[in-house]
Structures are given as structure tokens and as C-alpha cells.
Amino acid sequence: MVSGKTMKILAVAAIAVAAAACKKNEETTTLPSLEGRVTFSIDRFIGINEKVTMTASGAINPSGGEITYTWAVNPAISESDEDDETGENSSTGTEFTLDFGDRLRTYTVTCSASASGYYGISSSRSTTVVRPGLDGEGSITGTDISGLESIAAENGGKYYYRTIGCLDWFVQNLADKEPVSPDTDEYGIPYGNVEVMSDIFGRYYSYNEAVKACPDGWRLPTESEWEECLETAGNQDGAAGNQGDEGFQTGMLMADVHFNGEKMWEFWPEVKITDSKGFSAMPVGYANMADRSFSGMYERAAFWVAPDSGNEEGTTATVKWLYMDNPQVQTFTKADKESFGASVRCVRERQGN
């Protein structure tokens with residue numbers, strides 16, 4: 001038989017177990033979640049020291065109660081040169097205004113919605129701080145502009161150029177957007193459809209825009225000029241080279257450029273990147289002008305060339321391709337003049353010779 005004392009002990013134990021079970025059930029009770037989706041917008045790229053205001057919306061409290069929005073930025077924005085990958089800038093409120101400073105890096109902004117009695121919801125967006133210029137302090141590094149002459153650019157900056165073979169050539173992609181006549185819209189589109197990127201990668205133009213987009217005194221090169229000046233001209237140090245021998249390959253037109261410290265042309269042993277011609281091509285891909293989408297970033301460069309005959313009839317035009325993994329320049333003759341978007345390098349006859 002079980003003694004009375006033992007029965008009391010068992011009863012106390014049973015009560016304790018039941019209390020613990022009740023407490024566990026209370027702790028694991030599933031709360032309902034807020035409904036909707038947290039939304040806010042921020043450009044994919046922003047300029048240095050740009051102050052951005054973001055506004056949150058979209059979360060729904062089923063009970064009609066108050067919703068609190070909380071913001072966090074990672075890594076923390078600091079004037080220090082030391083990385084703080086775990087730090088966060090935070091704020092509470094529907095709106096969040098932040099100066100992203102001048103550090104060329106990518107930030108993740110997270111907005112969370114919460115309310116009493118509900119599980120919260122959140123969403124995140126990323127943005128990258130960029131700076132124009134080829135002086136070694138901007139987002140693009142690896143292009144040598146020392147000793148080069150320049151002309152004024154539309155945006156107040158400069159276009160640098162050098163003589164390569166038979167012509168003066170821009171060493172950066174055209175970025176002008178103003179139309180040359182009052183009955184047209186602005187020319188070209190920037191990468192990611194964010195204006196600040198015009199001065200980083202240049203703009204993408206349809207062929208019909210490209211033939212009119214160069215500054216006064218400058219123009220598109222013809223196909224034969226591309227081949228004669230770039231592919232068969234001597235190197236910058238005077239060494240001979242032509243398309244058919246080992247002295248020429250696309251690497252002679254490619255700069256070992258970095259974007260915010262990230263190498264752009266992927267390494268391939270078949271392509272020796274030297275930029276010995278001084279053309280300084282960047283792999284910024286191409287655009288679909290119809291839906292304003294972009295392809296080929298970090299893999300290839302595409303440049304419009306004009307026909308040798310001067311005949312602009314037809315719906316297609318020629319593009320010169322530089323691929324990361326191909327040592328030979330490729331020629332594509334069927335690019336749609338309206339929907340295909342390529343980079344533009346302007347040329348003019350050599351000056352002072």
C-alpha cells in the first residue's frame with residue numbers, strides 16, 4: 001500500500017507538473033501576425049553625402065490598433081574609417097531620413113512593423129554609395145588619366161581623351177543626356193535607371209540616339225576606324241600590333257577597373273588585360289531600351305559604330321563587343337537601332353597634327 005505521506009508527495013508533484021505544463025503552453029502560444037507587407041523605397045545607388053528620406057507603409061493591424069515602424073541600417077554609418085559590420089543606425093517612426101555619408105559601400109536598410117499582441121513583419125532594401133570621377137577617389141578605379149587632355153562635360157565634369165592611332169578617342173563612356181533638338185526627349189538611360197550612375201558607367205543609347213549624342217566636333221567612329229585605329233594601331237609605347245598576330249587582343253582595350261573596390265573584368269587566362277591602347281573599356285554590358293533592363297554587367301562591353309558608307313537606312317546597326325573570356329573583338333551587325341542600348345565612345349580627327 002502507498003502511505004499517506006507518499007500520496008501527499010505524489011499529489012504535490014502532479015500539481016507541479018501540471019503548473020509547468022500550463023506555463024509552457026502559455027509561453028508557446030502562437031500570436032497572430034500583422035497583415036500586409038512593409039514597403040518603402042530607396043534608389044539602388046546614391047551619391048556621396050546624399051540625404052535620403054524613406055517612408056514606410058503597408059503593414060496592417062487586424063484590430064485597428066497602432067503600428068510602430070522601426071528602422072535599422074547595417075553596417076552602421078560612421079565617420080570612422082574602421083568597418084563596423086555588426087553596428088546599426090536605428091530610428092522609430094513612419095519616416096526615416098539618413099545621410100549616407102561618403103564611404104563607397106553597400107548598406108542594407110531594414111524596416112520592421114510591430115504592434116502589441118502580434119508578431120511583427122519586416123522588409124529590407126540595399127543601396128550602394130557611389131562617387132563619379134576617374135581621379136582614383138571615385139567608384140571607378142584602375143583608369144589612368146594622368147597627362148590626358150579633356151573637354152567639358154554636360155554635367156560640369158570632364159571627358160578625358162587620348163590619341164589612339166588615327167583619331168582622338170574618349171577614354172570613358174559618354175554620359176550626356178540632353179537632347180540636341182527641342183522635339184526629343186533626353187538621350188540615353190543610366191544603369192539601373194538611377195541618374196547618379198550616368199557619371200559612373202556612362203549612359204546606354206539606342207543607335208538613333210548615339211549618332212546625335214556626341215558633343216560638338218565629336219562623333220561615332222565608323223567600323224573601319226575602330227578596326228584601323230584600335231585593332232591595328234601600334235600600342236601606346238609604339239610597339240607594332242595588328243588583329244591577326246599575337247600582339248593584339250581585346251585585353252589591350254580593357255582597363256583593370258574596379259567598382260567600389262570590386263574587380264569588374266573577371267580573370268580569364270586567354271585574355272591578358274593590359275589596356276595598352278589606352279581605350280580603358282569597362283564591362284558595363286548593354287540595355288534593352290524598351291523595358292529599361294540591363295544585361296552583361298561584369299561580362300562584356302558593347303559599343304556602337306557607324307557604317308563606313310554613311311548610309312543610315314535600315315532598322316539595324318553594328319555593335320563591337322568585348323567579352324571577358326574572348327581575346328578577339330566580336331562584331332554584331334544586327335542590333336536593333338531602337339531597342340538595343342550600347343555604350344558610346346566619341347571620336348574626332350587628330351588635333352594639331
Side-chain angles (χ1 to χ4, degrees), residues 44-45 154 159 169-181 183-215 218-227 229-231 250 253-255 257 259 264-266 279-326 328-347:
R44 184 175 170 187
F45 303 97
E154 173 194 275
Y159 288 124
W169 291 76
F170 276 18
V171 299
Q172 63 207 93
N173 295 341
L174 185 68
D176 285 1
K177 67 177 182 178
E178 291 298 324
V180 294
S181 62
D183 58 345
T184 58
D185 295 329
E186 67 180 26
Y187 280 172
I189 58 175
Y191 181 68
N193 298 299
V194 181
E195 279 300 328
V196 71
M197 294 305 293
S198 285
D199 299 327
I200 308 297
F201 294 156
R203 294 175 81 81
Y204 303 81
Y205 301 87
S206 70
Y207 181 80
N208 293 335
E209 294 172 330
V211 294
K212 302 175 183 178
C214 287
W218 296 78
R219 57 177 173 79
L220 274 184
T222 65
E223 185 171 357
S224 62
E225 286 172 338
W226 175 286
E227 295 171 355
C229 297
L230 297 182
E231 298 184 24
T250 53
L253 307 179
M254 300 172 174
V257 287
F259 171 60
M264 295 194 71
W265 287 111
E266 184 179 340
F279 185 76
S280 302
M282 298 186 295
V284 298
Y286 59 99
N288 182 319
M289 305 298 285
D291 63 11
R292 298 176 73 96
S293 62
F294 306 87
S295 303
M297 180 62 64
Y298 292 83
E299 298 176 356
R300 63 185 73 178
F303 301 95
W304 287 116
V305 295
D308 292 320
S309 65
N311 183 358
E312 298 289 349
E313 295 180 0
T315 60
T316 61
T318 299
V319 170
K320 291 290 186 178
W321 289 102
L322 306 180
Y323 288 90
M324 64 179 180
D325 57 351
N326 192 325
Q328 298 298 323
V329 175
Q330 303 297 302
T331 301
F332 177 49
T333 62
K334 298 296 183 181
D336 185 86
K337 288 183 176 180
E338 288 289 348
S339 64
F340 191 88
S343 300
V344 167
R345 290 296 181 92
C346 300
V347 300

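Remark: of the listed residues E209, E195, E154, E195 is the sole one forming a salt bridge (charged side-chain N to carboxylate O under 4.0 Å, His left out) with K177.
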Steps toward side chain to side chain donor-acceptor pair (under 3.5 Å) verdict (S293, N288): CA-CA 5 Å; S293 62; N288 182 319; 4.6 Å; no
Residues T316, K337; criterion side chain to side chain donor-acceptor pair (under 3.5 Å); working and verdict: CA-CA 5 Å; T316 61; K337 288 183 176 180; over 6 Å; no
Step-by-step side-chain contact (heavy atoms from CB on, under 4.5 Å) determination, V344 to C214: CA-CA 8 Å; V344 167; C214 287; 3.9 Å; yes
Y191/F294 under ring-ring contact (aromatic ring centres under 6.0 Å, His included): CA gap, chis, key distance, verdict: CA-CA 7 Å; Y191 181 68; F294 306 87; 5.2 Å; yes
Test ring-ring contact (aromatic ring centres under 6.0 Å, His included) applied to Y159 and W218, step by step: CA-CA 12 Å; Y159 288 124; W218 296 78; 8.7 Å; no
Pair R345-N173, side chain to side chain donor-acceptor pair (under 3.5 Å): steps then yes or no: CA-CA 6 Å; R345 290 296 181 92; N173 295 341; 2.8 Å; yes
Derivation of the side-chain contact (heavy atoms from CB on, under 4.5 Å) call for Q328 and W321: CA-CA 9 Å; Q328 298 298 323; W321 289 102; over 6 Å; no
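Closest heavy-atom contact between W265 and A281: NE1-O, 3.0 Å. Closest heavy-atom contact between D176 and P215: OD2-CG, 4.1 Å. The two residues M297 and P283 make their nearest non-hydrogen contact at SD-O, 3.4 Å. Residue L220 comes nearest to E225 through the heavy atom pair O-OE1, 4.5 Å, listed as atom of the first residue, atom of the second, then distance. Shown here for I200 and M282, the closest heavy-atom pair between the two residues is O-CE, 3.7 Å. When every heavy atom of N326 is checked against every heavy atom of T250, the shortest pair comes out as O-OG1, 2.8 Å.
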Enumerate donor-acceptor pairs with a distance under 3.5 Å from any side-chain N or O in residues 298-305 to protein atoms, sequence neighbours excluded.
{"residue": "W304", "atom": "NE1", "partner": "Y205", "partner atom": "O", "Å": "2.7"}

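Here the side chains of E223 and K320 are in contact, with some heavy-atom distance below 4.5 Å. The shortest distance between side-chain heavy atoms of L230 and V329 does not fall below 4.5 Å. When side chains are defined from C-beta on, P307 does not count as touching T222, because their heavy atoms never get closer than 4.5 Å.
Between the side chain of E338 and the backbone N or O of D336, no donor-acceptor pair lies under 3.5 Å. In this structure, Y204 contributes its side chain and V284 its backbone to a donor-acceptor pair below 3.5 Å.
Ring-centre distance between F340 and Y286: below the 6.0 Å cut-off. Ring centroids of W226 and F279 are separated by less than 6.0 Å, placing the two rings close together.
Atom-to-atom distance recorded for S343:OG and L174:CG is 9.5 Å, nearest 0.5 angstrom. Atom CD of residue Q172 and atom SG of residue C346 lie 10.0 Å apart, to the nearest 0.5 angstrom. Once rounded to the nearest 0.5 Å, the distance linking OG of S198 with CZ of R203 reads 3.5 Å. Note that CE of M197 and CD1 of I189 are 12.5 Å apart. Values are rounded to the nearest 0.5 Å.
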